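Read through the structure below, which is laid out as structure tokens, and then see the notes.
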Amino acid sequence: MRFFLVRHGQTTANVSGVFYGSTDLSLSPQGIEQSRRVAGYLSGVSFGRTIVSQLQRSQQSARLVVPAGAELHVDSRLNELDFGEWEMRHFSDIEKESPASWQRWMDDWQNATPDGGEAFSHFAARVRQAADETGKQRENTDTLIVAHQGVLSLMLATWLGMPVEAMWHFPFGHDTYTVVDNQAGFWVLRVFNSRSVWQTEE
């Protein structure tokens with residue numbers, strides 16, 4: 001089985017640098033162009049399955065990559081972390097206005113929770129569950145997964161048998177794709193953040 005991992009295209013929140021895990025923003029014009037470039041890179045791939053999060057930036061990106069009319073399988077476990085009261089706020093403002101909460105996050109992000117948001121431990125559990133289930137599917141097909149930075153980096157770390165903190169080693173670009181093979185349960189990272197046309201092996 002082969003998995004193509006694609007981060008959604010850019011949004012205005014990416015440009016402004018604010019937290020926006022659960023805020024349902026659409027792609028910016030730049031994000032649309034980024035997803036179209038990914039579509040060109042992957043134009044030779046016939047995806048047997050496309051899995052996306054519930055958020056429109058993920059689904060909009062997927063629609064630009066796969067052929068019109070292709071079915072999207074929505075999995076809410078692939079939603080980005082809900083930052084609660086931190087949504088659409090810059091870290092410098094949070095640090096200034098909620099210093100204790102911000103410091104807890106900085107000191108122990110794996111066990112901290114953004115004010116009114118989702119505990120990272122809950123986020124990690126649902127993403128790892130989705131990664132485990134998706135990785136066990138039996139179809140010998142190419143699968144496209146379009147989701148978010150935190151989700152994709154944690155999925156990749158999970159498949160490669162790495163600890164949660166290893167997710168920070170995988171900064172997914174907006175206009176790239178990553179390929180992971182599952183060879184009878186042995187995971188192989190084929191390419192990471194590629195911007196070249198994928199050549200289907202004969």
Side-chain angles (χ1 to χ4, degrees), residues 1-18 20-21 23-81 127 130-131 134-135 137 139-160 167-183 187-202:
M1 292 179 292
R2 179 165 294 162
F3 296 88
F4 290 77
L5 308 182
V6 173
R7 184 184 181 187
H8 64 80
Q10 183 191 83
T11 69
T12 55
N14 292 122
V15 178
S16 59
V18 297
Y20 78 114
T23 303
D24 200 9
L25 300 181
S26 62
L27 299 181
S28 66
Q30 175 69 9
I32 292 172
E33 179 56 33
Q34 289 169 338
S35 296
R36 286 176 174 158
R37 286 201 293 270
V38 174
Y41 304 149
L42 301 179
S43 60
V45 184
S46 296
F47 294 108
R49 185 176 175 86
T50 299
I51 306 172
V52 298
S53 78
Q54 284 182 319
L55 301 172
Q56 64 173 315
R57 57 188 182 270
S58 172
Q59 297 186 30
Q60 188 179 1
S61 296
R63 288 293 182 204
L64 292 168
V65 174
V66 300
E71 182 181 4
L72 302 184
H73 298 270
V74 179
D75 189 339
S76 62
R77 295 174 300 181
L78 301 185
N79 290 359
E80 187 60 283
L81 177 73
V127 171
T134 303
Q137 66 185 34
E139 301 91 349
N140 184 19
T141 185
D142 290 330
T143 296
L144 174 66
I145 300 177
V146 184
H148 312 270
Q149 167 60 41
V151 172
L152 295 177
S153 60
L154 186 52
M155 288 188 82
L156 185 54
T158 298
W159 285 340
L160 297 179
M167 63 185 288
W168 300 111
H169 293 299
F170 303 113
F172 283 77
H174 287 290
D175 58 346
T176 69
Y177 67 92
T178 292
V179 182
V180 192
D181 284 350
N182 182 353
Q183 302 175 355
W187 291 90
V188 178
L189 177 59
R190 296 291 301 277
V191 299
F192 183 72
N193 275 351
S194 178
R195 293 186 176 93
S196 60
V197 175
W198 175 259
Q199 300 294 328
T200 303
E201 299 172 347
E202 297 298 334

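Heads up: numbering here begins at 1 and tracks the sequence. Owing to the predicted nature of the structure, the values given are computational and were not obtained by experimental measurement.
Ile145 pairs in a side chain to side chain contact (heavy atoms under 4.5 Å, CB included) with only one of the listed residues (Thr50, Val180, Val6, Leu78), which is Leu78.
The NE2 atom of His8 sits 4.5 Å away from atom CZ of Arg57, with the distance rounded to the nearest 0.5 Å. Annotation: the span from His174 atom NE2 to Gln149 atom CD amounts to 8.5 Å, rounded to 0.5 Å. Rounding to the nearest 0.5 Å gives a distance of 9.0 Å between CG of Leu5 and CG of Leu189. For the atom pair Asp24 CG and Gln56 CD, the distance stands at 4.5 Å (nearest 0.5 Å). Annotation: the span from His148 atom NE2 to Met155 atom CE amounts to 11.5 Å, rounded to 0.5 Å.
Residues that satisfy the ring-ring contact (aromatic ring centres under 6.0 Å, His included) test with Tyr177, not counting sequence neighbours, are absent from this structure. With sequence neighbours left out, Gln59 forms a side chain to side chain contact (heavy atoms under 4.5 Å, CB included) with Val52, Leu72, Val74. With sequence neighbours excluded, the residues that form a salt bridge (Lys or Arg N to Asp or Glu O under 4.0 Å) with Asp181 are Arg2, Arg190. For Arg49, the side chain to side chain contact (heavy atoms under 4.5 Å, CB included) partners are Ile51, His73, Gln137, Thr143, not counting sequence neighbours. Scored by the ring-ring contact (aromatic ring centres under 6.0 Å, His included) test, Trp187 finds Phe3, Trp159 as partners (sequence neighbours excluded). For Ser76, there are no side-chain hydrogen bond (donor to acceptor under 3.5 Å, both in side chains) partners at least two apart in sequence or on another chain. Under the side-chain hydrogen bond (donor to acceptor under 3.5 Å, both in side chains) criterion, Ser26 pairs with no residue, sequence neighbours left out. Applying the side-chain hydrogen bond (donor to acceptor under 3.5 Å, both in side chains) test to Ser35 and every residue at least two apart in sequence or in another chain returns Ser61. Partners of Phe172 by ring-ring contact (aromatic ring centres under 6.0 Å, His included), not counting sequence neighbours, listed by chain and number: Phe192.
No donor-acceptor pair under 3.5 Å is formed between the side chain of Asn182 and the backbone N or O of Met1. Thr23 contributes no side-chain N or O that, together with a main-chain N or O of Leu25, makes up a donor-acceptor pair within less than 3.5 Å. Within the 3.5 Å criterion, the main-chain N or O of Gln10 finds a donor-acceptor partner in the side chain of Gln34.
In this structure, Asn193 and Phe170 have side chains that are not in contact, with every pair of non-hydrogen atoms separated by 4.5 Å or more. Within the 4.5 Å cutoff, side-chain heavy atoms of Leu64 are placed close to those of Leu27. Within the 4.5 Å cutoff, no side-chain heavy atoms of Thr178 are placed close to those of Leu152. Contact check for Asn14 versus Gln30: no side-chain heavy atoms found under the 4.5 Å cut-off. Inter-residue side-chain proximity for Val146 and Val65 is flagged as unmet; no heavy-atom pair is nearer than 4.5 Å.
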Which atom pairs, one a donor and one an acceptor, fall under 3.5 Å between side chains of residues 36-46 and the rest of the protein, sequence neighbours left out?
| unit_1 | atom_1 | unit_2 | atom_2 | d |
| --- | --- | --- | --- | --- |
| Arg37 | NH2 | Asp175 | OD2 | 3.2 |
| Ser43 | OG | Gly40 | O | 3.1 |

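Under the salt bridge (Lys or Arg N to Asp or Glu O under 4.0 Å) criterion, the residue pairs touching residues 67-76 are Asp75-Arg77, with sequence neighbours excluded. For the salt bridge (Lys or Arg N to Asp or Glu O under 4.0 Å) condition, no pair includes a residue of residues 142-159, sequence neighbours left out.
Relative ring orientation between Phe4 and Trp198 is described as perpendicular, the plane-to-plane angle rising above 60° on a 0-90° scale split at 30° and 60°.
Residue Gly173 comes nearest to Thr176 through the heavy atom pair O-OG1, 3.3 Å, listed as atom of the first residue, atom of the second, then distance. Between Thr158 and Ala131, the shortest heavy-atom contact is CG2-CB, 4.1 Å.
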